[in-house]
Amino acid sequence: MIETLLANELSNAVEALYGQQLSTDTFQIQKTRPEFEGDLTVVVFPLLRISRKAPEPTANEIGGYMVEHSAEVESFNVIKGFLNLLIADAYYLRFYHEKHADMAFGFQPEKDEPPVVIEYSSPNTNKPLHLGHIRNNLLGWSVAEILKANGKKVAKVNLVNDRGIHICKSMLAWQKWGKGKTPEGTGKKGDKLVGDYYVLFDKEYKKEVAKLIGQGMPKDEATHQAPLLLEAKAMLKKWETGDQEVRALWKKMNAWVYSGFDKTYARLGIDFDKTYYESDTYLLGKALVEEGLKKGVLFKKDDGSVWCDLKDEGLDEKLLLRGDGTSVYMTQDLGTAQLRYTDYKPQKLMYVVGNEQIYHFDVLKRILKKLGRNWADDILHLSYGMVELPEGKMKSREGKVVDADDLMEEMARTAKKTSDELGKFDDFTPEESRNLYEMIGLGALKYFMLKVDPKKTMMFNPAESIDFNGNTGPFIQYTHARIQSVLRKAKAEGLVFNEQKMPAFSLHKKEKALLKMLHNFPQVVQLAGDTFSPAQLANFSFELSKEYNQFYHELSILKEPDENKKFFRLGLSDFTARTLGSAMGLLGIRLPERM
RNA sequence: GGUCCGGUAGCUCAGUUGGAUAGAGCAGCAGCCUUCUAAGCUGCGGGCCGCGGGUUCGAAUCCCGCCCGGAUCACCA
């Protein structure tokens, strides 16, 4: 990496000039802003106390030394306190020569370390996946891939919330009003069918509540006493005692949901190494609670409920077991965390879960610490912001959601419409074009969701999000297709451009700009990994695409008379295309050969 | 009320962890297809970086206070 190289040489320069040794990280080296001449800029202000001179003379002295002693530095200029260094073309050409055919460019080989376990998706089985899940799934999957690219071993896990009162609501409604309907019979996706009954339950339940209030019952009481709710609760009790009929219905309806989820995941391109089911794990936390009581870090109240006192840590008391001995969400999560730790002995336990659960994970870690689980420090809640619609928040109980399947379908449809309008690829088979619309539609959607900093609340405006111009996935896909078009033509002419000797000519500024960006890719991958931010790769890909399009516009490739340059530009194009493929691949976005 | 997160162009968002005159895209306006794909390229306009103090050579970035928006503080998950 050129920055570390220069830092060493700068350190030598300062020692030679001012007789003091400075550690290399005291040098601030940054990209030169485009309005100035140069490639990299050293900020000299921090060096003034050592040079005991004004900024300009200091910069001039150091610049002079660097030109003299550094093979990479060709010339320099000084503007105010900034020392702009011009890096020799030879440096970038050598970088090109060494890396342009490296298939693993930017990626670290897998390190022999414990894995990172990353949980994402975590759906409930009472309703279909929606826009919020899409952000979660894309984020979790992408972060997992980014960590792999940084040499981490990764286990992607899903925790399916397949039991509880919400599932019973769907079950009850189906039992009462479903008339035996099935996905097969109705042609409806299983998760959608089950979701319909969840919505129906809520509707009927609200009617009952309204009626009770009308009869003079206080609202608070009515919401708790509505017969439907009591029935659902009774059903949950039966489920817990293993009632055969309830269990059978539960299995049947969950199976419908899973087949629906599988289709959604497949279309989204999301996968998991392991799936946990809450019905298997929801009792696990109780053993930990017992342990905590024995150790005296938990306490029991008069009604038999068990609590963890976190008041000395500035938090409140947290319930872990109800008076009747049943567990709550936190109890289960304690258990699954322990299970996962035992399963993997991971270096990090990550949870991709919305920011409304920040407090929950804070408490989770603290309780585990109290129980003596020091690995709790390795738990990392990757919280992300909500997705909002122009009309406000989504309400799944009322069926006011952007459905995941519908959204993907609409994106693909729009891709088709746009392609038709542009009159592209009339020679494609129906199969080929369908494939392409899918690639573009999903590319647009994924890019849109991932280009935003995960922790920020994001606005999803259906009308604008479907844009395929500018800072979008399709723009990058288009750039890739454009490159492939050139490469196809080169291939048709029988040109072999990947086995060239080290090029030795001076670079055009657009060539150099491209090489500089490519040179930076490994650091972007690393930064994305350190900050768990796919957005870094999205931004990089966009900048790289823009840069390539300018290069493409300004310079001719196949018509370049100098064969060395022609081959170089072909190789550079290929290098760019592959790097775009790597970057977008980490976001789960595929790039087409043509579009 | 306590805690956490956010506030940057009309809109959606970047801003490399303190550096130069704060950037993109969309939207608007004006150009560029006889030339490797115009889903592209070029140009123009658009800003009290929520407000006020502080830290220093230098602040959108760090600290303090305030304003606005969101989340959370359940015997829900």
Side-chain angles (χ1 to χ4, degrees), chain A residues 28 30-33 35-36 41 43-46 48-49 55 79-82 84 122 124 161 164-166 278 301 303 305-307 314-316 318-324 326-330 332-333 353-360 362-363 383 385-386 388 393 415 418-419 421-422 424-425 440 444 448 451-453 455-461 464-465 467-479 481-490 520 523-524 527 531 535-536 538-540 542-543 545-546 548-550 552-560 569-570 573 594-595:
Chain A
Q28 295 183 34
Q30 53 194 254
K31 289 181 222 156
T32 303
R33 305 195 56 148
E35 60 265 36
F36 303 107
T41 295
V43 185
V44 298
F45 292 108
L48 302 184
R49 58 181 183 86
I79 296 170
K80 290 153 82 178
F82 298 89
N84 300 321
S122 324
N124 291 354
N161 183 6
I165 189 72
H166 42 288
E278 227 174 79
K301 289 194 178 174
D303 64 354
S305 58
V306 179
W307 298 73
L315 302 179
D316 208 346
K318 181 72 196 176
L319 176 87
L320 292 177
L321 286 182
R322 298 187 183 97
D324 63 5
T326 56
S327 56
V328 293
Y329 176 49
M330 180 60 74
Q332 299 173 30
D333 252 14
V353 177
N355 59 13
E356 75 272 18
Q357 293 197 32
I358 289 175
Y359 181 78
H360 171 78
D362 189 22
V363 171
S383 73
M386 298 288 98
E388 286 181 0
K393 285 187 198 168
T418 308
S419 300
E421 280 166 10
L422 293 169
K424 298 228 169 181
F425 32 83
I440 295 170
F448 185 86
K451 77 174 175 188
V452 183
D453 180 348
K455 68 172 177 287
K456 288 195 175 173
T457 303
M458 68 180 288
M459 169 67 70
F460 186 85
N461 185 332
E464 287 171 15
S465 311
D467 205 340
F468 290 179
N469 300 313
N471 188 0
T472 66
F475 170 78
I476 294 158
Q477 291 174 318
Y478 174 77
T479 306
R482 214 178 203 188
I483 295 173
Q484 295 311 320
S485 172
V486 176
L487 297 180
R488 267 195 306 278
K489 290 214 158 90
N520 203 29
Q523 285 155 266
V524 175
L527 181 65
T531 57
Q536 298 294 339
N539 287 329
F540 170 82
F542 176 58
E543 297 296 332
S545 294
K546 265 202 301 193
Y548 184 84
N549 280 318
Q550 291 168 21
Y552 178 92
H553 189 258
E554 256 182 66
L555 298 171
S556 144
I557 300 168
L558 292 168
K559 295 201 175 84
E560 166 60 43
R569 284 176 194 164
L570 282 166
S573 298
R594 291 180 54 190
M595 75 179 267

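When the nucleotides B:G6, B:G19, B:G23 are ranked by their closest atom to the side chain of A:Q28, B:G19 comes out on top. Listed nucleotides B:G15, B:A14, B:U37 differ in distance to A:A481; the shortest reach to its side chain belongs to B:U37. Picking from B:C75, B:A22, B:C5 the nucleotide with the shortest atom distance to the side chain of A:K455 gives B:C5.
Residues meeting the side-chain hydrogen bond (donor to acceptor under 3.5 Å, both in side chains) test with A:K455, sequence neighbours left out: A:D453. Applying the salt bridge (Lys or Arg N to Asp or Glu O under 4.0 Å) test to A:E356 and every residue at least two apart in sequence or in another chain returns nothing. Not counting sequence neighbours, the partners of A:D362 by the salt bridge (Lys or Arg N to Asp or Glu O under 4.0 Å) test are A:R366. By the side-chain hydrogen bond (donor to acceptor under 3.5 Å, both in side chains) test, A:Y329 is found to be paired with A:Q357, residues two or more places apart in sequence or in another chain being considered. For A:N539, there are no side-chain hydrogen bond (donor to acceptor under 3.5 Å, both in side chains) partners at least two apart in sequence or on another chain. Applying the salt bridge (Lys or Arg N to Asp or Glu O under 4.0 Å) criterion to A:R322, with sequence neighbours excluded, gives no partner residue. With sequence neighbours excluded, no residue forms a salt bridge (Lys or Arg N to Asp or Glu O under 4.0 Å) with A:K489.
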When every nucleotide of nucleotides 24-32 of chain B is labelled 5' to 3' by its protein contacts under 4.0 Å (heavy atoms), B for base, S for sugar-phosphate only, - for none, what sequence of letters results?
SSS------
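Where pairing requires Watson-Crick or G-U contacts shorter than 3.5 Å, the helical stems of RNA chain B with at least three consecutive pairs are B:1-7 with B:67-73, B:10-13 with B:23-26, B:28-32 with B:40-44, B:50-54 with B:62-66.
B:C66 and B:C4 have their P atoms separated by 13 Å, given to the nearest Å.
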